[in-house]
Amino acid sequence: MLFFSYFKDLVGKEVTVELKNDLAIRGTLHSVDQYLNIKLENTRVVDQDKYPHMLSVRNCFIRGSVVRYVQLPTEGVDIDLLHDATRREARGG
């Protein structure tokens with residue numbers, strides 16, 4: 001639940017999602033659920049030459065199980081908050 005609550009705080013910010021098939025999509029995080037399924041708006045493909053068929057996609061839903069990485073905006077990362085939440089989760093409370 002740590003990542004779910006963290007991603008909920010990033011709604012409205014721009015993120016880059018890299019999928020397990022090497023496709024990277026940048027867009028505005030619209031929503032995320034407890035399975036870490038992600039909905040992006042105003043999307044664009046990072047490597048447009050490799051994936052030209054994706055140029056017309058503007059909104060997408062990404063199943064959480066196909067996500068390799070999520071690159072967060074640097075201003076959206078609160079290191080102290082993450083450390084505290086990780087410690088609480090490790091203690092079980």
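Predicted model only: the values in this text are computed from it and were never measured.
Taking each heavy atom of Lys20 and Arg68 in turn, the nearest pair found is O-NH2, 2.7 Å. Contact detail for Met54 and Ile25: the closest heavy-atom pair is CE-CD1, 4.3 Å. Nearest heavy atom pair, residue Thr16 against residue Val46, reads CG2-CG2, 4.0 Å. For the residue pair Leu36 and Val32, the shortest heavy atom distance occurs at CA-CG2, 3.9 Å. Taking all atoms of both residues into account, the shortest heavy-atom contact from Leu29 to Phe7 is CD2-O, 3.5 Å. Here the closest non-hydrogen pair linking Asp22 and Glu18 is OD1-OE2, 4.4 Å.
More than 12 heavy-atom neighbours from other residues, nucleotides or ligands sit within 6.0 angstrom of CZ on Phe61.
For the atom pair Asn42 CG and Arg26 CZ, the distance stands at 13.0 Å (nearest 0.5 Å). Distance check, rounded to the nearest 0.5 Å: CZ of Arg44 to CD of Glu14 gives 4.5 Å.
In this structure, the side chains of Asn21 and Val66 stay at 4.5 Å or more apart for every pair of heavy atoms. In this structure the side chain of Val15 reaches within 4.5 angstrom of the side chain of Leu40, judged on heavy atoms.
Looking at Asp33 and Lys39, no side-chain N of the basic residue comes within less than 4.0 Å of a carboxylate O on the acidic one, giving no salt bridge.
Proximity of a side-chain donor or acceptor of Asn37 to a complementary backbone N or O of Gly64 within less than 3.5 Å is detected.
Inspection of the Arg58 and Thr43 side chains reveals no N or O donor paired with an N or O acceptor under 3.5 Å.
There is no path of hydrophobic side-chain contacts, each under 4.5 Å, that joins Val67 to Tyr69.
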Legend entry - side chain to side chain contact (heavy atoms under 4.5 Å, CB included) between Val70 and Leu10, intermediate numbers included: CA-CA 11 Å; Val70 178; Leu10 291 174; over 6 Å; no
